[in-house]
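In what follows, a structure is listed as structure tokens, so that the remarks can point back to it.
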Amino acid sequence: MAAVVRVVPGGRGGAAGAFGRPGGPARRGRKSKRQKRQEFDNMQAPSVGGVRLPKGNGEAIRLPRGASLTDFAEKINANPAALVQVLFHLGEMVTATQSVSDEILELLGGEMNYVVNVVSPEEEDRELLETFDITYGGDAGDEDDLVVRPPVVTVMGHVDHGKTRLLDTIRKANVHEGEAGGITQHIGAYQVMTHLEGNERLITFIDTPGHEAFTAMRARGANSTDIAVIVVAADDGVMPQTVEAINHAQAAGAPIVVAVNKIDKEGANPQKIRQQLTEYNLVAEEYGGDTMFVDISAKQGLHIDQLLEAILLTADAALDLRANPNMEAQGVAIEAHLDRGRGPVATVLVQRGTLRVGDSIVAGGAYGRVRRMVDEHNEDVIEATPSRPVQVIGLTSFRGAGDTFLVVDEDRVARQIAERRQARTRNALNASRRKRVSLEDLDAALKETSQLNLVIKGDNSGTVEALEAALMNIEVGDDVELHVVHRGVGGVTESDINLATATDNTIVLGFNVRAEGRATELANREGVEVRYYTVIYQAIDEIEQALKGLLKPEYEEVQLGRAEVRDVFKSSKVGTIAGCLVMSGELKRNTKARLIRDNVVVQESLTLTSLRRFKDDVTEVREGFECGLTLGSYGDLRVGDTVETYEMREKPRN
């Protein structure tokens with residue numbers, strides 16, 4: 001009986017499948033629409049070093065400072081490992097979780113057709129606060145909620161022009177004698193009472209250092225001020241730091257009052273000061289301008305009342321100084337330092353709202369609860385209204401001067417905001433510290449670069465920041481680098497010494513602080529150099545000298561003599577001997593030499609191994625004398641050649 005074969009259309013292994021219908025081998029060999037689409041996308045996608053990347057359409061991507069490749073990959077739905085490979089082919093060695101600089105993020109985005117927008121610190125901070133439903137800045141409430149607040153005045157100017165003496169006279173205090181070298185090296189905030197038209201008025205003063213190294217601190221003072229008082233000595237004139245202070249004030253948009261100081265000294269010329277300042281758009285009222293000039297003598301106390309009156313008149317005419325005291329306090333931290341008995345202490349200036357004892361506060365990356373507030377006279381303050389400077393005790397740590405502070409509802413919220421700010425700052429700092437080195441010059445960079453590492457400790461954060469900025473501006477050469485391993489507030493601790501021990505070429509700087517506990521003993525045992533300073537320019541000078549000591553010596557070629565070959569002799573014992581006449585200078589044995597033929601250098605880096613006068617060996621032969629010489633094993637010497645000797649001498653640095 002014949003077998004019956006059933007043919008099922010579309011069945012596996014059946015006749016239909018064998019002839020190319022669905023389900024057969026031909027079906028398994030064809031590509032699906034999804035596969036074809038993927039291949040097309042891969043052809044269109046950008047490729048770097050054979051690595052296929054997701055293709056963008058020019059869309060913008062927002063990334064915070066110090067973002068990693070993993071953060072970037074999450075935004076574009078890509079594999080972080082692929083981005084690592086791409087940067088490797090572009091000459092950058094970066095891990096997936098490492099913080100990278102803004103330039104690297106923009107470079108990678110450009111290769112993939114994305115526009116990378118690095119979020120500014122201010123915008124990033126505002127977005128952070130929005131997640132907690134907190135708005136920084138602005139005055140909440142209706143027009144009826146706003147009340148007049150005292151003006152905040154920053155006293156600025158050149159070093160030794162009398163800024164601190166002026167504040168001494170105003171406050172009837174004596175501050176400048178306690179400053180090292182007579183230079184103000186801290187930011188202080190004070191509030192004084194004065195009168196205008198029979199009414200009592202308060203003015204808040206911020207004293208900023210005048211030395212050129214404190215540019216950042218002066219800028220911070222100008223950015224938190226309403227009015228800037230520029231102090232100019234009548235017997236000295238406009239100086240570089242005077243111009244710098246004017247630029248800071250004008251950049252901050254603050255009205256300027258000029259105090260022409262030292263009018264009691266011989267040679268004082270207040271009119272000359274007025275003429276000089278016209279070059280900087282400060283035209284006195286008597287010249288038809290809108291800037292008030294007041295001639296004073298801080299030492300004699302002359303015309304101080306007129307200066308205070310000018311400040312209040314300028315504030316009333318040019319500014320609308322009102323704030324809402326019935327809101328949670330916000331403001332700026334002017335200074336921060338570590339007090340041995342009270343812990344971290346921050347000097348804050350309330351800009352809006354009212355700060356009270358017991359409030360939960362966050363200032364930059366620090367947080368805490370206000371346990372105590374004191375004024376400039378070290379008297380307790382229960383609450384601080386707008387424009388009131390106070391010292392706040394109760395923060396868990398000390399942060400940088402210039403950080404904004406605000407009051408939040410709970411300690412938990414303050415801690416979360418501070419921790420996120422710390423992480424953001426840490427990532428940004430790691431990204432900025434990373435130096436871009438390509439694969440080609442990596443080996444040379446590791447071999448040729450000398451580095452001096454510093455651990456900086458000071459009595460307050462503003463001074464530490466200023467000292468670091470001044471030191472980083474020292475320029476002594478491209479082959480020497482200065483790197484700040486750590487900076488902090490407080491005395492030099494054992495931890496600082498251990499950090500210096502673990503890092504080569506490290507010096508510990510203590511500014512207005514000393515070593516604590518067994519730190520000195522540990523430093524002596526480990527051979528760590530600890531230097532103490534009280535005046536900033538002494539630290540700058542000594543660090544500059546230390547950097548110059550790390551510089552590799554520079555050499556320059558010094559020509560010693562030239563001799564013309566008059567005859568050539570062959571010797572089986574010593575080789576080729578040249579009979580020469582010294583044309584200039586002198587020839588010395590064992591010096592470097594080069595052979596010149598027809599004004600073309602034939603051979604470099606030869607050594608004048610032997611030198612003879614007749615039968616005598618000599619060490620040198622002067623101009624006009626004949627001699628015989630050999631250039632080691634080199635024998636291609638001809639009559640008419642020139643032998644030039646030279647030596648490399650160390651070149652003194654400027």
Side-chain angles (χ1 to χ4, degrees), residues 65-66 99-103 185 209 211-219 400-401 425-438 441-490 492-493 495-513 515 523 526-554 651-654:
R65 291 185 310 162
S99 297
V100 295
S101 63
D102 302 349
E103 293 80 5
Q185 304 185 98
H211 187 267
E212 62 180 354
F214 292 94
T215 303
M217 296 174 69
R218 276 205 303 278
T425 304
R426 184 167 54 251
N427 292 338
L429 185 61
N430 291 337
S432 63
R433 283 181 175 176
R434 181 180 179 272
K435 183 180 179 181
R436 296 184 61 183
V437 180
S438 63
D441 59 10
L442 175 62
D443 184 64
L446 292 176
K447 290 181 179 179
E448 297 179 1
T449 302
S450 298
Q451 181 170 285
L452 177 65
N453 299 310
L454 295 179
V455 174
I456 303 177
K457 298 298 288 290
D459 56 341
N460 62 78
S461 57
T463 304
V464 173
E465 291 176 13
L467 178 58
E468 180 185 10
L471 294 176
M472 297 304 291
N473 288 330
I474 296 176
E475 296 182 2
V476 292
D478 295 334
D479 52 348
V480 174
E481 291 183 356
L482 183 67
H483 178 58
V484 178
V485 179
H486 172 67
R487 68 176 187 186
V489 178
V492 178
T493 63
S495 176
D496 300 326
I497 303 301
N498 290 328
L499 180 60
T501 304
T503 311
D504 295 333
N505 293 337
T506 303
I507 298 175
V508 180
L509 298 186
F511 195 84
N512 284 335
V513 296
E526 298 294 339
V528 175
E529 183 176 10
V530 183
R531 290 182 169 271
Y532 302 108
Y533 300 97
T534 56
V535 178
I536 193 169
Y537 49 75
Q538 293 179 353
I540 297 173
D541 292 341
E542 293 194 11
I543 295 302
E544 184 174 0
Q545 294 300 320
L547 287 174
K548 290 181 178 179
L550 288 178
L551 289 174
K552 294 179 176 61
E554 292 182 354
K651 182 180 179 181
R653 294 181 179 269
N654 296 326

Going through the distances and angles, do F511 and V464 end up as a side chain to side chain contact (heavy atoms under 4.5 Å, CB included)?
CA-CA 8 Å; F511 195 84; V464 173; 6.0 Å; no
Derivation of the side chain to side chain contact (heavy atoms under 4.5 Å, CB included) call for I456 and L471:
CA-CA 11 Å; I456 303 177; L471 294 176; 4.0 Å; yes
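- Atom-to-atom distance recorded for T463:OG1 and E468:CD is 13.0 Å, nearest 0.5 angstrom.
- Residues I474 and I543 are in side-chain contact: their nearest non-hydrogen atoms beyond the backbone lie under 4.5 Å apart.
- A pairwise comparison of heavy atoms in D496 and V508 identifies O-CG2, 4.5 Å as the closest pair.
- With hydrogens and angles ignored, the 3.5 Å screen pairs no side-chain donor or acceptor of D541 with any backbone N or O of Q538.
- Between the side chains of S495 and N498, not a single donor N or O lies within less than 3.5 Å of an accepting N or O.
- With sequence neighbours left out, the side-chain hydrogen bond (donor to acceptor under 3.5 Å, both in side chains) criterion links T506 to no other residue.
- Evaluation of the salt bridge (Lys or Arg N to Asp or Glu O under 4.0 Å) rule for E529 yields R531 as partners, not counting sequence neighbours.
- Legend: residues meeting side chain to side chain contact (heavy atoms under 4.5 Å, CB included) with A523, ordered by chain and number and at least two apart, are I497, V528, V530.
- Rounding to the nearest 0.5 angstrom, the gap separating the NZ atom in K457 from the NE2 atom in H486 is 5.0 Å.
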Could you walk me through whether V485 and L454 satisfy the side chain to side chain contact (heavy atoms under 4.5 Å, CB included) test, starting with their C-alpha distance in whole Å, then the side-chain angles of each, then the deciding distance to 0.1 Å, before giving a yes or no?
CA-CA 6 Å; V485 179; L454 295 179; over 6 Å; no
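- Shown here for Y533 and L509, the closest heavy-atom pair between the two residues is CE1-CD2, 3.5 Å.
- For V513 against D459, the heavy-atom pair with the smallest separation is CG1-N, 3.6 Å.
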